[in-house]
Amino acid sequence: MTLQQEIVGNAMQMAVVNLRLGQTVYCEAGKFLFKTTNVTMETRLSGPSGGGGGQQGGGGGMGGMLRQAVGTAMQAGQRALAGESLAFQYFTSTGGEGTVGFAGVLPGEMRALELDGTRAWFAEKDAFVAAESTVQFGIAFQGGRTGRSGGEGFVLEKFTGHGTVIIAGAGNFIDLNPADFGGRVEVDTGCVVAFEEGIRYGVQRIGGLNRQGLMNAVFGGEGLSLATLEGDGRVILQSLTIESLANALRKAQGGDKQGPTGGLFSTREG
């Protein structure tokens, strides 16, 4: 069943989730705001099993317990390598309907995505806020051709299963489909919030090693790479990047003298 939720607010939105009796929702540590007293809270290293109750099935005596422990350690280790939180917080309504509030960590919008089991969703790191326990959270390491062409690898959050997942980003969101723009769009690497499975996500260098390519990289403010999104599917972009927000805060504090170079040769104190 679809998670009953409402996204409220403007510049800094929050999600208010109404839980039915026995229903479980989980969030990344640090995204919880408030709950009613009839909602229990439990912190675990393991992700949801997808069975609807958020419990990890051990089974098989000592062997099952060992497999569960190894699986939990692998999940936590993968999230640690990706720079994600090690733990999840689980909230379950135990006495009638309950309410829980969640929010992202940056000023901006939130979005509830509905998964029907046919397509996964991918999102940038730290975009995940909360999901019902029938949604599985995973890490996708974007490498291979993308990593080589862009000069770096990318880590994405991956959501599969059935149910509602809530994500957050910075600034305002825009929804688009690359198929409406000739099948391909190129965006700042920090502007990508999430996209459906079926969209091909890559990274390309800006221009070649010529005068114009160097001008783009040094004075254009985009660095050396752009993200590319190709195919037919839903894409969510954000108007504010974490890097631009950090640069604005440093400039306001007098700690970033980047001048006209757009950040490639900026000086960072501390």
Side-chain angles (χ1 to χ4, degrees), residues 1-10 12-28 31-33 35 39 47-55 84-85 88-93 97-106 108-140 156-180 185 191-201 229-239:
M1 291 183 287
T2 300
L3 192 67
Q4 295 181 9
Q5 52 77 32
E6 180 183 8
I7 295 176
V8 299
N10 296 303
M12 186 68 184
Q13 293 188 325
M14 60 182 292
V16 179
V17 177
N18 294 315
L19 297 175
R20 296 177 291 274
L21 177 63
Q23 189 175 24
T24 297
V25 65
Y26 69 100
C27 74
E28 190 175 44
K31 305 294 179 68
F32 163 72
L33 293 179
K35 69 179 184 67
V39 174
S49 63
Q55 300 295 327
E84 301 283 352
S85 170
F88 292 115
Q89 292 177 300
Y90 291 80
F91 302 86
T92 304
S93 179
E97 293 187 354
T99 302
V100 191
F102 304 100
V105 295
L106 294 172
E109 288 195 40
M110 302 180 72
R111 186 67 54 84
L113 306 174
E114 300 297 334
L115 277 64
D116 61 5
T118 61
R119 278 191 176 188
W121 270 87
F122 296 89
E124 67 167 347
K125 289 196 303 180
D126 296 324
F128 173 66
V129 175
E132 54 187 314
S133 57
T134 50
V135 174
Q136 290 83 58
F137 175 99
I139 299 295
L156 300 171
E157 299 173 334
K158 181 178 181 180
F159 309 105
T160 55
H162 295 76
T164 306
V165 57
I166 300 171
I167 60 172
N172 296 119
F173 285 174
I174 179 173
D175 293 73
L176 56 83
N177 186 336
D180 297 330
V185 293
C191 287
V192 179
V193 179
F195 54 91
E196 283 184 307
E197 185 178 24
I199 292 293
R200 296 183 299 280
Y201 176 55
L229 298 156
E230 300 177 85
D232 185 2
R234 187 175 168 193
V235 172
I236 301 175
L237 305 179
Q238 61 189 4
S239 63

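Computed over heavy atoms, backbone and side chain alike; hydrogens, waters and symmetry mates excluded.
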Closest approach of [X] and [Y], non-hydrogen atoms and distance?
X    : Y    : value
K158 : A140 : CB-CB, 4.4 Å
L19  : F91  : CD1-O, 3.7 Å
I166 : M110 : CG2-CE, 3.6 Å
V129 : A168 : CG2-CB, 3.6 Å
F32  : F102 : CA-CD2, 3.9 Å
A194 : I167 : CB-CD1, 3.8 Å

Side-chain (T160) to main-chain (A120) donor-acceptor, under 3.5 angstrom: no
Main-chain N/O of A15 paired to Q5 side chain as donor or acceptor, under 3.5 Å: no
Partner of T164 by side-chain contact (heavy atoms from CB on, under 4.5 Å), out of V17, L113, L3: L3
To the nearest 0.5 Å, what is the distance between [atom1] on [X] and [atom2] on [Y]?
X    : Y    : atom1 : atom2 : value
F195 : E124 : CZ    : CD    : 11.0 Å
Q4   : Q23  : CD    : CD    : 7.0 Å
F88  : K31  : CZ    : NZ    : 10.0 Å
E132 : T24  : CD    : OG1   : 10.0 Å
R20  : E97  : CZ    : CD    : 8.0 Å

Within 6.0 angstrom of D180 CG, more than 12 heavy atoms from elsewhere: yes
Residue list, side chain to side chain contact (heavy atoms under 4.5 Å, CB included) with L106, at least two apart or on another chain: A170, I242, L245
Sequence-distant partners of A131, side chain to side chain contact (heavy atoms under 4.5 Å, CB included), two or more places apart: Y26, F128, V135, V165
Step-by-step side-chain contact (heavy atoms from CB on, under 4.5 Å) determination, Q238 to F173: CA-CA 5 Å; Q238 61 189 4; F173 285 174; 4.2 Å; yes
Sequence neighbours excluded - salt bridge (charged side-chain N to carboxylate O under 4.0 Å, His left out) pairs with any residue from residues 162-176: R111-D175, D175-R234
Beyond-backbone contact of Q89 with C27, side-chain heavy atoms, under 4.5 angstrom: yes
Ring center gap for F122 and Y201 short of 6.0 angstrom: no
Test side-chain hydrogen bond (donor to acceptor under 3.5 Å, both in side chains) applied to N172 - qualifying residues, sequence neighbours left out: E109
Which residues share a side-chain hydrogen bond (donor to acceptor under 3.5 Å, both in side chains) with T99, sequence neighbours left out: N18
D232: salt bridge (charged side-chain N to carboxylate O under 4.0 Å, His left out) partners, not counting sequence neighbours: none
L229 vs L237, side-chain contact (heavy atoms from CB on, under 4.5 Å): CA-CA, chis, key distance, verdict: CA-CA 11 Å; L229 298 156; L237 305 179; 4.2 Å; yes
